[in-house]
Amino acid sequence: MSPATCAQSGILDSIPLHGRYLTCQLRVGSDPRTVLRRLASQADGATTVVGLGSYLVSELGAQVPGLRSFRGIDGARIKLPATPADLWLWLRGDDRGKLLIRSRHLETLIEPAFDVQQITDAFNHDGGRDLTGYVDGSENPEGDEAVLTALMPAATGPGLTGSSLVAVQHWQHHMSRFEAMSDHQQNHTIGRDRHSNEELDEAPESAHVKRTAQESFDPQAFVLRRSMPWVEGNTGGLVFTAFGHSFDAFEALLRRMSGAEDGLTDALFSFTEPISGAYFWCPPVHEGLIDLRAVGL
């Protein structure tokens, strides 16, 4: 079967109206196998995307090619927190109340083996824009290119075809800093015109778009972004999610953004910062349910 038909469809589908992220840790001394089997029988990969961390996979006595823990970037000139987790659930839907009900059900299901460490509610803002008003993911690959970028190919191995590796960071925006900028400064920080979404040739080299031009890397560093804004009280930001068949492209982007490559940091850090960072493996699906055969379940 092709990678696209084996993938959790929520990875390739467009951003939903509402999302809820659950970040979970395996309880010390717990055997996760029974819980994971139950979760796999109820998660469809479309309304609930499932990710497993490297420690959890190793506890199952398995290995997934390319899966590792996020440990930051050597030489970074800004803070890149590493907050490893064992289980990641991305709930997707068009009704926030229904997401809460599903979330509570899943929390009860995994409770015998996992503690929920963080819950983040997110949403689709203004047709796919960040809270700053700029379109998010303008350079995302589409169609066959999205499949090639985000999913492990058929040659990877049994139970791995169509699976994906995802980098997840919660970014917190300091909105007062951003709001203090003029429109000109804001556009040159991002490297695009907010209203037309056109790239600005005259933007400085520190502009986010110029620092992360995916085709400018060797090899090219394309990821499939499926990020969503989050808000809690008067604080907000972006749950950045980057799916790929490996973490190499994401780390290349972050290395340049953080100044580890050439000493120049991304202007984005003038008003926002990551407050978490973790890697997960998103298994494929089989007959409409999560397929955990690659980890022995």
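None of these values were measured; they are calculated from a predicted model. Numbering of residues begins at 1 and proceeds along the displayed sequence. Values reported hereafter were calculated over all heavy atoms of this structure, with side chains retained and with hydrogens, waters and symmetry mates removed.
Interatomic distance, CG of Asn187 versus CD of Glu198, reported as 11.0 Å (0.5 Å rounding). A distance of 5.0 Å separates CD1 in Ile275 from CD in Gln172, rounded to the nearest 0.5 Å. For the atom pair Ser276 OG and Phe70 CZ, the distance stands at 9.5 Å (nearest 0.5 Å).
Note on Glu261 versus Arg255: no salt bridge recorded, every NZ/NE/NH1/NH2 to OD/OE distance being 4.0 Å or above.
Clustering ILVMFWY residues whenever any of their side-chain heavy atoms sit less than 4.5 angstrom apart, transitively, puts Met152 in the very cluster that holds Val285. Residues Phe280 and Leu12 share a single hydrophobic cluster, defined by chaining ILVMFWY side chains whose heavy atoms lie under 4.5 Å apart. In terms of hydrophobic clustering, with Ile, Leu, Val, Met, Phe, Trp and Tyr side chains grouped at heavy-atom distances under 4.5 Å, Leu87 and Ile119 are assigned to a common cluster.
Atom CG of Asp74 has 12 or fewer neighbouring heavy atoms from other residues, nucleotides or ligands inside a 6.0 Å radius. Atom CZ of Arg71 is surrounded by 12 or fewer heavy atoms from other residues, nucleotides or ligands within 6.0 Å. Arg96 CZ: 12 or fewer foreign heavy atoms inside a 6.0 Å radius.
A donor-acceptor pair under 3.5 Å is absent between the side-chain atoms of Ser163 and the main chain of Pro283, judged by distance alone. Lys210 places a side-chain N or O within donor-acceptor distance of the main-chain N or O of Asp201, the cut-off being under 3.5 Å. Looking only at distances, no side-chain donor or acceptor of Glu199 sits under 3.5 Å from a matching main-chain atom of Asp193. Arg211 contributes no side-chain N or O that, together with a main-chain N or O of Thr265, makes up a donor-acceptor pair within less than 3.5 Å. Remark: the backbone N or O of Thr241 is not paired with any side-chain donor or acceptor of Gln169 at under 3.5 angstrom. With Asp266 contributing its side chain and Leu268 its backbone, the two residues share a donor-acceptor pair below 3.5 Å. At distances below 3.5 Å, not a single donor-acceptor pair connects side-chain atoms of Arg20 with backbone N or O atoms of Ser103.
By the salt bridge (Lys or Arg N to Asp or Glu O under 4.0 Å) test, Arg293 pairs with Asp291, sequence neighbours left out. For Phe178, the ring-ring contact (aromatic ring centres under 6.0 Å, His included) criterion is met by Phe271, not counting sequence neighbours. Not counting sequence neighbours, the partners of Phe247 by the ring-ring contact (aromatic ring centres under 6.0 Å, His included) test are Tyr279.
Counting only N and O atoms by type, the side chains of Glu273 and His173 include no donor and acceptor under 3.5 Å apart. In this structure, a donor-acceptor pair under 3.5 Å is absent between the side chains of His174 and Thr272. Side chain to side chain, Thr149 and Glu145 fail the donor-acceptor criterion of an N or O pair below 3.5 Å. Tyr134 and Asn197 share no donor-acceptor pair across their side chains, judged by distance under 3.5 Å alone.
Residue Asp136 is tested with Arg226, Arg225, Arg192 for a salt bridge (Lys or Arg N to Asp or Glu O under 4.0 Å); the sole match is Arg225.
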Side-chain donor-acceptor pairs under 3.5 Å in residues 75-83, sequence neighbours left out?
from	atom 1	to	atom 2	distance (Å)
Thr83	OG1	Gly277	N	2.9
Thr83	OG1	Gly277	O	3.3

Contacts under 3.5 angstrom, residues 47-60 side chains, donor-acceptor by atom type, not counting sequence neighbours:
from	atom 1	to	atom 2	distance (Å)
Thr47	OG1	Asp44	OD1	3.1
Thr47	OG1	Asp44	OD2	3.1
Thr48	OG1	Arg102	NH1	3.1
Ser54	OG	Ser69	OG	2.8
Ser58	OG	Ser54	O	3.4
Ser58	OG	Tyr55	O	2.6

Give the intermediate values and the outcome of side-chain hydrogen bond (donor to acceptor under 3.5 Å, both in side chains) for residues Ser164 and His245.
-> CA-CA 6 Å; Ser164 182; His245 54 76; over 6 Å; no
side-chain hydrogen bond (donor to acceptor under 3.5 Å, both in side chains) between Ser182 and Gln186: does it pass, once the steps are laid out?
-> CA-CA 6 Å; Ser182 66; Gln186 292 173 354; over 6 Å; no
Please assess Ser216 against Arg256 for the test side-chain hydrogen bond (donor to acceptor under 3.5 Å, both in side chains), listing each intermediate value before the final yes or no.
-> CA-CA 11 Å; Ser216 69; Arg256 183 177 290 178; 2.8 Å; yes
Worked check of salt bridge (Lys or Arg N to Asp or Glu O under 4.0 Å) between Arg129 and Asp126 = CA-CA 6 Å; Arg129 294 177 183 265; Asp126 197 15; 3.7 Å; yes
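Through side-chain heavy atoms spaced under 4.5 Å, either directly or across other Ile, Leu, Val, Met, Phe, Trp or Tyr residues, Phe123 is tied to Leu131, Val231.
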